[in-house]
Asker: 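Quick one: this structure, given as structure tokens, is what I'll be asking you about.
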Amino acid sequence: GKPTVNDPLAAMRTSLDIIEALNGLSADMLRRVSASIGVSRGVMSTERDAGGRLKDYQPTDEVQSIAERLAESAQSGEVWAAGAVYRHVRRIYRFDEEPRVIEATTDGGEASLSLRAYRLLGRRTREDRAAEVKASASAIQLIGRSQEIAAIVQAFGDAKATGSNTYVGVEGDLGVGKTALVAAAIDSIDPKPTVLRSECGFGTSDVPFAATAEIIREACGIRDDATSDDARAKLRSTVEELVSKEHLRQAAFAGLEPLVCKVERDRDREAAGEDRFRVIMRGVEILSRALAERGPLVMWIDAMQWIDLPSLE
């Protein structure tokens, strides 16, 4: 088939879901069912009805023929992504380190195009991403960035001395070394502060509280593969350890529980008109304040241009 989605992250997630679903089906069948999937990115011309529903779409470039060529080149059970997709999702998903160069025909078969293809290995865990940042920070030698590092360290020192919040923004083009710069600045602080890091992936802006949830999971030591029961238990033990007053514990747990695990709808709460956003904000405030009272706290939001609006608030 030739499905189309607007979000490269959703394309990766859907591709993995398809492969896993086929693997699950194969367990109950006499013959194995599998697929190879190619993901490319391009411009589509769409047609919608009066209600705004998508009726039809046509590519304005070679996006589908490239995706087909990727799928043909992939082995059974593999997902291959073109370079334009890879660049958007590589911080969230793992790929082979070395791309493969394949030939694809364009312009109705009249022209040939060499393109890089990247084999998808799976989703990066939060622990994987943190280890990669640490490794890259130690491997990269920053030249001519002493003033920027000093500015970040100075802002941290001001916050520590005054006991007030300080905000620092680091801007720059993709790949210029913003992450390495911040990592080097934090690494130069002694003693080391508590650091909670969230990385906003392309497409996560459509997931409410995605960045906030990652911060809370980091604070509570909740792994990405934790079950709902494990996540709930970790959250409860963290809140009980950090927050001394019972009513604040209850408020923190009520606000943060929906961020880390599945919860049943509380109809009484909804009927009372309680604002879900304010409940979550209150929970985040209580936990972050409790952490900061134990020592300086750094919340590091990477790729903030893709942060979801509730988390930004």
Asker: Can you name the side-chain contact (heavy atoms from CB on, under 4.5 Å) partners of Asp96, sequence neighbours left out?
Answerer: Arg100, Arg119, Leu121
Asker: Test of understanding: with side-chain contact (heavy atoms from CB on, under 4.5 Å), list the residues that count as partners of Asp225, not counting sequence neighbours.
Answerer: Arg223
Asker: Can any side-chain N or O of Lys178 pair as donor or acceptor with the backbone N or O of Gly172 at less than 3.5 Å?
Answerer: yes
Asker: So, do Ile301 and Ile307 sit near enough that their side-chain heavy atoms are less than 4.5 Å apart?
Answerer: yes
Asker: Taking atom CZ of Arg278 as the centre, does the number of heavy atoms from other residues, nucleotides or ligands within less than 6.0 Å exceed 12?
Answerer: no
Asker: Specify the closest pair of heavy atoms between Thr162 and Asp158, including all atoms of both residues, with the distance to one decimal.
Answerer: OG1-O, 2.8 Å
Asker: Does Val170 belong to the same Ile/Leu/Val/Met/Phe/Trp/Tyr cluster as Val195, with side-chain heavy atoms less than 4.5 Å apart forming each link?
Answerer: yes
Asker: Rounded to the nearest 0.5 Å, what separates atom CD in Gln154 from atom CD1 in Ile149?
Answerer: 14.0 Å
Asker: Could you report the tightest heavy-atom contact between Ile222 and Ala231, atom names first, then the distance?
Answerer: CD1-O, 3.5 Å
Asker: Would you say Arg217 and Asp224 make side-chain contact, with heavy atoms under 4.5 Å?
Answerer: yes
Asker: Mind checking whether Val33 and Asn23 have side chains closer than 4.5 Å, heavy atoms only?
Answerer: no
Asker: With sequence neighbours left out, write down each residue that passes ring pair (Phe, Tyr, Trp, His ring centres under 6.0 Å) with Tyr93, or none if nothing qualifies.
Answerer: none
Asker: CD1/Ile286 to CG/Leu256 distance, rounded to the nearest 0.5 angstrom?
Answerer: 8.0 Å
Asker: Which residues satisfy the side chain to side chain donor-acceptor pair (under 3.5 Å) test with Thr227, sequence neighbours excluded?
Answerer: Asp230
Asker: Where do Leu115 and Ala104 come nearest, in terms of heavy atoms and distance?
Answerer: CD2-CB, 3.9 Å
Asker: What heavy-atom pair brings Cys220 and Lys234 nearest, and what distance separates the two atoms?
Answerer: O-CD, 3.6 Å
Asker: Can Val284 be reached from Leu309 by stepping across I, L, V, M, F, W or Y side chains whose heavy atoms are under 4.5 Å apart?
Answerer: yes
Asker: Can you list everything that forms a side-chain contact (heavy atoms from CB on, under 4.5 Å) with Ala84? Sequence neighbours excluded, please.
Answerer: Arg41, Arg87
Asker: Give the cluster check for Ile19 versus Val89: same hydrophobic cluster or not, with ILVMFWY residues linked at side-chain heavy-atom distances below 4.5 Å.
Answerer: yes
Asker: Check the pair Trp300 / Thr179 against side-chain contact (heavy atoms from CB on, under 4.5 Å), numbers first and verdict last.
Answerer: CA-CA 10 Å; Trp300 176 4; Thr179 298; 3.9 Å; yes
Asker: Looking at Glu78 and Gln75, would you say the former's side chain and the latter's main chain have a donor-acceptor pair under 3.5 Å?
Answerer: yes
Asker: Considering residues, nucleotides and ligands other than Glu47, do more than 12 of their heavy atoms fall under 6.0 Å from its CD?
Answerer: yes
Asker: Name all residues meeting the side chain to side chain donor-acceptor pair (under 3.5 Å) criterion together with Ser198; count only those two or more places apart in sequence or in a different chain, and write none if there are none.
Answerer: Glu214
Asker: So do the side chains of Leu242 and Leu287 get within less than 4.5 Å of each other, counting heavy atoms only?
Answerer: yes
Asker: Is the shortest side-chain heavy-atom distance between Ser36 and Ser76 below 4.5 Å?
Answerer: no
Asker: Considering only distance and modelled atom types, tabulate donor-acceptor pairs under 3.5 Å from the side chains of residues 182-193, sequence neighbours left out.
Answerer:
| from | atom 1 | to | atom 2 | distance (Å) |
| --- | --- | --- | --- | --- |
| Ser188 | OG | Ala185 | O | 2.6 |
| Lys192 | NZ | Asp187 | O | 3.0 |
| Lys192 | NZ | Ile189 | O | 3.2 |

Asker: When rounded to the nearest 0.5 angstrom, what is the spacing between CD in Glu199 and CZ in Arg124?
Answerer: 8.5 Å
Asker: If the test is side chain to side chain contact (heavy atoms under 4.5 Å, CB included), which one of Ile37, Val39, Leu120, Ile102 qualifies with Trp80?
Answerer: Ile102
Asker: Group every Ile, Leu, Val, Met, Phe, Trp and Tyr by side-chain heavy-atom contacts under 4.5 Å, then state whether Leu297 and Leu248 land in the same group.
Answerer: yes
Asker: Under the rule for ring pair (Phe, Tyr, Trp, His ring centres under 6.0 Å), what residues qualify as partners of Tyr86, not counting sequence neighbours?
Answerer: Phe95, Tyr118
Asker: Does atom CD (Glu98) have a neighbourhood of more than 12 heavy atoms from anything else shown, all under 6.0 Å?
Answerer: no
Asker: Does Glu285 have any salt bridge (Lys or Arg N to Asp or Glu O under 4.0 Å) partners at least two apart in sequence or in another chain, and if so, which?
Answerer: Arg282, Arg289
Asker: Going through the checks in order, is the side chain to side chain donor-acceptor pair (under 3.5 Å) test met by Glu103 and Ser114?
Answerer: CA-CA 5 Å; Glu103 299 294 325; Ser114 294; 2.5 Å; yes
Asker: Which heavy atom of Arg197 sits nearest to which heavy atom of Glu218, and what is that distance?
Answerer: N-CG, 4.2 Å
Asker: Do the side-chain N and O atoms of Ser65 and Glu62 include a donor-acceptor pair separated by under 3.5 angstrom?
Answerer: yes
Asker: At what distance, to the nearest 0.5 angstrom, does CZ of Phe156 lie from NZ of Lys160?
Answerer: 5.5 Å
Asker: Do Leu22 and Ile18 have side chains that approach each other closer than 4.5 Å (heavy atoms only, starting at C-beta)?
Answerer: yes
Asker: Taking atom types as modelled, find out whether Ser311 and Asp308 have a side-chain donor-acceptor pair closer than 3.5 angstrom.
Answerer: yes
Asker: Report yes if the side chains of Ser288 and Met299 come closer than 4.5 Å at any heavy-atom pair, otherwise no.
Answerer: yes
Asker: Ignoring hydrogens and geometry, is there a side-chain-to-backbone donor-acceptor pair from Ser228 to Cys261 under 3.5 Å?
Answerer: no
Asker: For Leu70 and Ala117, which heavy atoms make the closest approach, and how far apart are they?
Answerer: CD2-CB, 3.5 Å
Asker: Listed by chain and number, what are the salt bridge (Lys or Arg N to Asp or Glu O under 4.0 Å) partners of Asp49, not counting sequence neighbours?
Answerer: Arg53
Asker: Listed by chain and number, what are the side-chain contact (heavy atoms from CB on, under 4.5 Å) partners of Ala155, not counting sequence neighbours?
Answerer: Thr166, Val168
Asker: For residues Met304 and Ile215: do they belong to one hydrophobic cluster (side chain heavy atoms under 4.5 Å, members Ile, Leu, Val, Met, Phe, Trp, Tyr)?
Answerer: yes
Asker: Would you indicate whether the side-chain heavy atoms of Ile280 and Phe209 approach each other to under 4.5 Å?
Answerer: yes
Asker: Taking atom SG of Cys200 and atom CD of Gln305, what is their separation to the nearest 0.5 Å?
Answerer: 8.0 Å
Asker: Using the side-chain hydrogen bond (donor to acceptor under 3.5 Å, both in side chains) rule, collect all pairs that involve residues 248-259, keeping only residues at least two apart or in two chains.
Answerer: Arg232-Glu257, Glu246-Gln250
